[in-house]
Amino acid sequence: DLHPGLKTAYEKRAKGKFVEKHQREPESIQEVGQVMKQDTHYQAWSSLLRTSQEMMWSSAQIPVQRAIQKLATQAAETPAVGSLRLDPDLKIPAYHTAVDIHCQPGGYHTEYIENDVAQGAIYDRAVYIYAMGQMGVNNADMGDSTVAWLKQEHPELKPTRILDLGCAVGHSTLPYASGFEGAEVHAIDVAAPMLRYAHARASSMGLPVHFSQQNAETLDFEDNSFDLVVSHILLHETSSAAIKNIIRECHRVLKPGGMMLHVETPPYEGMEPFDTFIFDWDSENNNEPFWRKSHLLDLEALALDSGFDQHKPIQIMVPSAFQETQRSNTFQGGDFGGGGVWFVYGCQK
C-alpha cells in the first residue's frame, strides 16, 4: 500500500523542491535522493522495509537455532544422491566477510557447530518469505524460468554438463537437474553450510547434483568442460573485480559453442531517475554494497574483454515460469518475485 505513494510524493512534493533550487529536474540516483530522503513518505516506507527485512531473518533464524543440532544430524544422515566436496582451506572472499549480505545474520558462510547447515536452513525459509511465495514452493522460479526459455529459444542446446555458480542452497540448480535428463550437473558456492544443506535438500528430492566448495573467480574445473554455465542473482553480490574474473572463468570452462547465462534483476539502463533511485534502495539500506555497480555494468564490454568475441551478448527479459500467484509487477518493496520477469545476461562461446 505504501509503495505506490512514493511516485506521488516525488511528483507532487519532492521533485518540485529540487527544480526550485536547481532550475531543472533530477537526473541521477543521487539527485533524486537529495529530495526523496527528506520526504516523510519515503522515510516511512524505507524504515518499514528495512525493519521487515530484519523481522524476516529473525522469524527464520529463531526456529533454526532451536533445531540446529537436529538439522545437522538429519542432513548428514540423508542418503546421498550426487556428491558433496568441501574445502576447509578455501578463503572466503572479503566481499562476503566484510558485511552480512542482504542482512542475513552471519552472512552465508558462518558455522556454529560441526557439520552445520543453519545458514542454509535460514536462507531457504527466508527467501520464501522475501518473495512472498511468488517463486514457487521450492523457490525455483529463476531456474525454472531459464530452463523453459532455453528449451523454447535454443532447442539445439542439449547440455550434457552444466555448472551453476553461487548456488546457495540449490533453489535454482535443481531445475537443470530435472529439466535436462541425463545431464551431469555441478554447483559451487563459497559457503560450506549452504552446500551441506543444498546437498541434503537435493538428495531428499532424488536429484543428483555434484556440489563443491569453490570461489567462482578461480574454478578448479578443466578448460572446455561444460556446455552450459549459469548463475542466479550472483553478480550483484560480488565486487566489480570479482565479476570480471567470474566471466573470464565462464569463458574458460565452456566448451566451444557452449552458453553462459546469468539471471539477475534488470539493469538501470533506460530507467527514469526516480525508478532507478527506488530500485537502488538495496545498495544503501539492505547490505547489498555491490548492487548499484552491478546494475550499471557495460555488459557488452564485459563479455568482449572476457573472450566472448564471436557472438553478441544476450540481454533479455525472460518471463517467469511460475504464474500461479498475482504479480505486483515490481521487484521492490521486498516483493522480489513480483516482477514476473528475470533479466538474463549471457553469451555463447
Side-chain angles (χ1 to χ4, degrees), residues 56-57 59-87 101-102 104-131 133-147 162-181 183-214 216 230-234 237 263 321-322 336-337:
M56 174 191 75
W57 289 119
S59 71
Q61 190 178 30
I62 292 168
V64 169
Q65 183 180 13
R66 284 199 298 262
I68 187 170
Q69 188 60 63
K70 182 180 179 181
L71 286 166
T73 300
Q74 286 181 327
E77 293 178 350
T78 300
V81 177
S83 64
L84 174 64
R85 176 164 57 97
L86 300 179
D87 180 4
I101 294 289
H102 210 327
Q104 178 170 351
Y108 300 151
H109 60 280
T110 299
E111 299 186 56
Y112 306 100
I113 63 172
E114 189 176 356
N115 297 321
D116 198 10
V117 298
Q119 295 306 93
I122 293 166
Y123 181 83
D124 191 16
R125 294 298 82 210
V127 168
Y128 189 85
I129 299 169
Y130 185 60
Q134 292 180 116
M135 294 205 293
V137 67
N138 293 317
N139 295 323
D141 186 25
M142 283 181 282
D144 284 334
S145 300
T146 309
V147 169
I162 302 169
L163 173 61
D164 184 16
L165 305 175
C167 65
V169 299
H171 289 152
S172 300
T173 312
L174 299 191
Y176 297 89
S178 59
F180 293 104
E181 189 175 352
E184 182 179 296
V185 179
H186 291 258
I188 68 121
D189 201 280
V190 297
M194 289 281 189
L195 290 167
R196 291 190 194 99
Y197 186 91
H199 178 50
R201 182 175 178 272
S203 294
S204 71
M205 297 169 75
L207 292 170
V209 176
H210 301 287
F211 294 96
S212 58
Q213 188 178 11
Q214 299 186 50
V230 297
S231 79
H232 309 82
I233 56 171
L234 166 71
E237 294 187 355
V263 184
F322 184 72
F336 193 66

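Keep in mind it's a predicted model, so treat the numbers as computed, not measured.
- By the 4.5 Å heavy-atom criterion applied to side chains, Gln104 and Gln61 are not counted as neighbours.
- Closest approach of Ser59 to Pro63, counting heavy atoms only: O-CD, 3.1 Å.
- Not a single donor-acceptor pair under 3.5 Å links the side chain of Ser212 to the backbone N or O of Ile188.
- Listed here is the closest heavy atom pair of Gly170 and Ala198: N-CB, 4.1 Å.
- Classified by interplanar angle (parallel below 30°, tilted 30° to 60°, perpendicular above 60°), the ring pair Tyr123/Tyr108 is perpendicular.
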Using atom types as modelled, flag every donor-acceptor pair under 3.5 Å from a side chain in residues 110-122 to any protein atom, sequence neighbours excluded.
residue: Thr110; atom: OG1; partner: Gly106; partner atom: O; Å: 2.5
residue: Glu111; atom: OE1; partner: Arg196; partner atom: NH1; Å: 2.9
residue: Glu111; atom: OE1; partner: Arg196; partner atom: NH2; Å: 3.1
residue: Tyr112; atom: OH; partner: Gln119; partner atom: OE1; Å: 3.4
residue: Asp116; atom: OD1; partner: Ala118; partner atom: N; Å: 3.0
residue: Asp116; atom: OD2; partner: Tyr112; partner atom: N; Å: 2.8
residue: Gln119; atom: NE2; partner: Pro105; partner atom: O; Å: 2.9
residue: Gln119; atom: NE2; partner: Gly107; partner atom: O; Å: 2.5

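- When all heavy atoms are compared, the tightest approach of His171 to Val169 is NE2-CG2, 3.3 Å.
- Applying the salt bridge (charged side-chain N to carboxylate O under 4.0 Å, His left out) test to residues at least two apart or on different chains, none of the pairs has a partner in residues 60-78.
- Distance check: Arg125 CZ to Met56 CE gives 12.0 Å after rounding to the nearest 0.5 Å.
- Taking every heavy atom of both residues into account, Gly143 and Pro175 meet most closely at C-CB, 3.6 Å.
- Evaluation of the side-chain hydrogen bond (donor to acceptor under 3.5 Å, both in side chains) rule for Ser231 yields His262 as partners, not counting sequence neighbours.
- For Glu184, the side-chain hydrogen bond (donor to acceptor under 3.5 Å, both in side chains) criterion is met by Arg161, His186, not counting sequence neighbours.
- Note that CD1 of Ile101 is 10.0 Å distant from NE2 of His109, once rounded to the nearest 0.5 Å.
- The line from CH2 of Trp57 to CD1 of Ile129 is 9.0 Å long, rounded to the nearest 0.5 Å.
- Considering only residues two or more places apart in sequence or on other chains, Glu237 meets the salt bridge (Lys or Arg N to Asp or Glu O under 4.0 Å) condition with none of them.
- Side chains of Val263 and Val230 form no contact here, defined as non-hydrogen atoms less than 4.5 Å apart.
- Val185 is not listed as a side-chain neighbour of Asp164, based on a closest heavy-atom distance of 4.5 Å or more.
- For the residue pair Val190 and Gln213, the shortest heavy atom distance occurs at O-NE2, 2.9 Å.
- Screening residues 197-210 for side chain to side chain donor-acceptor pair (under 3.5 Å) gives Ser83-His210, Asp124-Tyr197 as the qualifying pairs, with residues at least two apart or on separate chains.
- Between the side chain of Asp189 and the backbone N or O of Ala168, at least one donor-acceptor pair lies under 3.5 Å.
- Taking all atoms of both residues into account, the shortest heavy-atom contact from Phe180 to Ile162 is CD1-CD1, 3.8 Å.
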